[in-house]
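A quick write-up on the structure given underneath.
In this chain, residues are counted from 1 in sequence order.
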Amino acid sequence: MSDGVGDINKVSLSSQVFHFLTFHKAPIHFFFISSYQKKTFYSQAAPTYFSYKLVASLTCRMASSRVATFSTQSLSSNEPVVSVDWLHANLKLPDIKVLDASWYMPNEQRNPLQEYQVAHIPGALFFDVDGISDRTTNLPHMLPSEEAFAAAVSALGIENKDGVVVYDGKGIFSAARVWWMFRVFGHDRVWVLDGGLPRWRASGYDVESSASGDAILKASAASEAIEKVYQRQAVAPITFQTKFQPHLVWTLDQVWKNIEETTYQHIDARSKARFDGVAPEPRKGIRSGHVPGSKCIPFSQMLDGSQTLLSNEELKKKFDQEGISLDKPIVTSCGTGVTACILALGLHQLGKTDVPVYDGSWTEWGGHPDVPVSTSEA
C-alpha cells in the first residue's frame with residue numbers, strides 16, 4: 001500500500017453509507033494506521049464522522065455525536081508524530097502529558113517561557129530545553145545525566161506509564177530534540193505534535209493565555225531538581241525511571257573515528273551556506289565548515305510549508321537526492337544538537353528507529369582546535 005492520502009480511495013464504502021454521506025454532507029475523519037507502522041493521515045475532526053482503522057485488515061464503522069478517543073497504548077512508538085486533531089480529541093486522557101518545549105536561536109530574541117505564559121495548549125507543561133541539560137559543560141543544552149533527567153521529569157509530574165506529546169512554537173523545531181531526549185533515556189511512548197502550536201491554532205483549537213500556578217511551580221521544580229543533582233544534594237522522590245540507550249547518542253570521538261571507518265553516513269542539518277563554510281557560525285569562536293565526509297540536508301527539507309513532516313515518499317526522495325541509503329547506518333548532527341533531531345525524526349518515520357545524534361554537534365566540533373574541518377567552494 002502506498003503512503004499517500006490517495007489510499008483513502010482504496011477503502012470500499014457500501015453504497016448505503018456513501019449515499020448517507022453525500023445526502024447529509026457529513027464531514028469525515030479518517031484514521032489510517034498500518035500494521036507495518038506507516039504514516040497516519042487525518043482529515044479535519046468533526047462531531048460526526050466515519051473512522052477507518054487499517055491494522056492487518058480494514059474495518060469500517062460509523063460513530064456519531066462525539067469524537068473518538070484512543071488511549072496512547074494504541075499508538076505505536078514507531079510512529080513519531082501525532083496530528084493536532086488527534087491531540088485535541090485525546091487531550092483529557094489521564095495518561096497523556098503535553099509538553100511545550102519551545103526553544104529559539106539566540107539571535108531570534110524570543111523568550112519561550114514568556115510565550116508559553118501568553119499562549120499554550122491547555123494543560124501543557126513547560127519543558128526548558130536549556131535548563132534540563134548537563135551543567136558540567138560549557139556546550140549549550142547538552143544531554144543531562146540519567147539521574148538529572150529523571151529528577152527533572154519527575155518534578156514535572158511525568159511517570160513511565162504516561163504518553164508524552166511534545167510541541168513547540170515553530171511547528172517542528174525544538175520539540176524533536178525533547179522527543180529524542182526521552183527516547184535516549186528509554187521512554188518510547190513519546191510523540192511530536194505535527195505542526196506544533198501554529199498548526200494547533202490554525203485549526204481553531206483553544207489555547208490558555210496564562211499558565212496555572214501549578215505549571216509554573218513544576219517548571220521551577222524541574223530546574224531546581226537539576227541543580228540539586230549536579231550539586232549532589234537530595235532530591236524529591238523519583239517517579240520516572242530511566243534506561244539509557246547509548247546507541248542513540250554520539251560523542252566527538254565517535255564522529256572522529258567514523259571519518260576513517262565511514263561505517264555511518266553522516267548528515268548535517270545546518271544550512272548549506274554554513275555547511276560549505278561560506279556563512280559565519282552564529283556562535284563566536286566556532287570555525288566554519290563541516291565534518292569531513294559528511295553530507296548536508298538542511299532540517300527544513302523534512303517539513304512542508306505548514307511546518308509539518310513530509311509524507312514518507314517525499315522524505316525518502318530528500319535522502320535519495322543526497323545519495324543517502326536507508327539500508328546503511330546514519331548519524332545526524334547540526335549546530336547544537338537540536339535540528340539534527342528533526343532529521344532523526346524524519347528517518348524514524350521511514351523506519352530507521354536507531355539513528356544516533358551527535359550531541360555536541362558543530363558547536364563542539366568547530367570549536368575544537370585539533371579536529372579536521374572541510375569546506376566547500378561557494
Side-chain angles (χ1 to χ4, degrees), residues 103-109 129-130 134 137-143 170 172-174 176-177 180 248-303 310 314-347 352 355-378:
W103 175 88
Y104 305 103
M105 293 291 289
N107 61 357
E108 293 181 89
Q109 297 183 339
V129 171
D130 281 331
D134 185 358
T137 176
N138 291 327
L139 294 171
H141 44 252
M142 289 286 283
L143 200 67
K170 282 192 167 183
I172 294 182
F173 188 63
S174 51
R177 168 75 184 190
W180 172 77
L248 294 178
V249 191
W250 266 31
T251 64
L252 182 145
D253 289 340
Q254 287 171 293
V255 174
W256 201 343
K257 184 179 180 181
N258 190 61
I259 293 175
E260 294 295 329
E261 297 181 350
T262 63
T263 304
Y264 281 70
Q265 303 164 99
H266 186 154
I267 312 176
D268 192 321
R270 292 176 300 153
S271 69
K272 191 66 165 59
R274 289 174 63 189
F275 179 87
D276 289 339
V278 298
E281 286 298 305
R283 288 175 172 81
K284 294 181 179 179
I286 307 299
R287 291 179 290 170
S288 296
H290 58 265
V291 174
S294 61
K295 294 184 177 181
C296 179
I297 302 181
F299 74 89
S300 58
Q301 293 190 17
M302 299 293 99
L303 311 173
L310 295 176
E314 292 172 308
L315 285 171
K316 189 175 186 305
K317 186 183 297 183
K318 297 295 184 182
F319 292 108
D320 287 344
Q321 287 171 349
E322 292 301 322
I324 301 298
S325 171
L326 299 182
D327 296 326
K328 298 178 181 179
I330 298 172
V331 60
T332 67
S333 68
C334 57
T336 64
V338 173
T339 58
C341 298
I342 300 176
L343 292 183
L345 186 78
L347 288 162
K352 291 195 73 65
V355 175
V357 169
Y358 172 26
D359 194 19
S361 280
W362 191 251
T363 300
E364 180 178 41
W365 190 271
H368 198 295
D370 300 323
V371 297
V373 169
S374 294
T375 57
S376 305
E377 292 183 0

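Listed by first and then second residue, the salt bridge (charged side-chain N to carboxylate O under 4.0 Å, His left out) pairs that reach into residues 320-329 are K316-D320, sequence neighbours excluded. For residues 282-298, there are no salt bridge (charged side-chain N to carboxylate O under 4.0 Å, His left out) pairs, not counting sequence neighbours. Note on residues 357-366: pairs passing side chain to side chain donor-acceptor pair (under 3.5 Å), not counting sequence neighbours, are R177-D359, Y358-E364. Counting only residues at least two apart or on different chains, the ring-ring contact (aromatic ring centres under 6.0 Å, His included) pairs with a member in residues 269-289 are F275-H290.
Side-chain contact between Y264 and T332 is absent, with no heavy atoms from C-beta onward closer than 4.5 Å. At a threshold of 4.5 Å between non-hydrogen side-chain atoms, the residues M105 and P282 count as touching. Between S374 and P372, every side-chain heavy-atom pair lies at or beyond the 4.5 Å cut-off. Within the 4.5 Å cutoff, no side-chain heavy atoms of F319 are placed close to those of S325. Taking 4.5 Å as the limit, every side-chain heavy atom of V357 sits out of range of all side-chain heavy atoms of V331. Residues I172 and F299 have side chains not in contact (no heavy-atom distance under 4.5 Å, counting atoms from C-beta outward). Counting heavy atoms from C-beta on, the side chains of D268 and I297 never come closer than 4.5 Å.
Note that CD of E261 and CH2 of W256 are 14.0 Å apart. Values are rounded to the nearest 0.5 Å. Distance check, rounded to the nearest 0.5 Å: CG of L315 to CG of L326 gives 9.5 Å. Note: K257 NZ to T251 OG1 = 10.0 Å, rounded to the nearest 0.5 Å.
Residues passing the side-chain contact (heavy atoms from CB on, under 4.5 Å) test with K318, sequence neighbours excluded: Q301, M302, L310, Q321. Residues passing the side chain to side chain donor-acceptor pair (under 3.5 Å) test with K272, sequence neighbours excluded: D276. Scored by the side-chain contact (heavy atoms from CB on, under 4.5 Å) test, T262 finds no partners at all (sequence neighbours excluded). Under the side chain to side chain donor-acceptor pair (under 3.5 Å) criterion, W250 pairs with no residue, sequence neighbours left out. Remark: E260 pairs with no residue by the salt bridge (Lys or Arg N to Asp or Glu O under 4.0 Å) rule, at least two apart or across chains. By the side-chain contact (heavy atoms from CB on, under 4.5 Å) test, T137 pairs with D134, L139, M142, sequence neighbours left out. Remark: Y104 pairs with no residue by the ring pair (Phe, Tyr, Trp, His ring centres under 6.0 Å) rule, at least two apart or across chains.
Open room surrounds CG on N138; 12 or fewer heavy atoms of other groups in view lie less than 6.0 Å from it.
The two residues S288 and A279 have their closest heavy-atom pair at OG-O, 3.5 Å. Listed here is the closest heavy atom pair of S271 and P298: CA-CG, 4.3 Å.
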In residues 333-346, what donor-acceptor pairs under 3.5 Å come from side-chain atoms, sequence neighbours left out?
{"unit_1": "S333", "atom_1": "OG", "unit_2": "H266", "atom_2": "NE2", "d": "2.7"}
{"unit_1": "T336", "atom_1": "OG1", "unit_2": "H141", "atom_2": "NE2", "d": "2.8"}

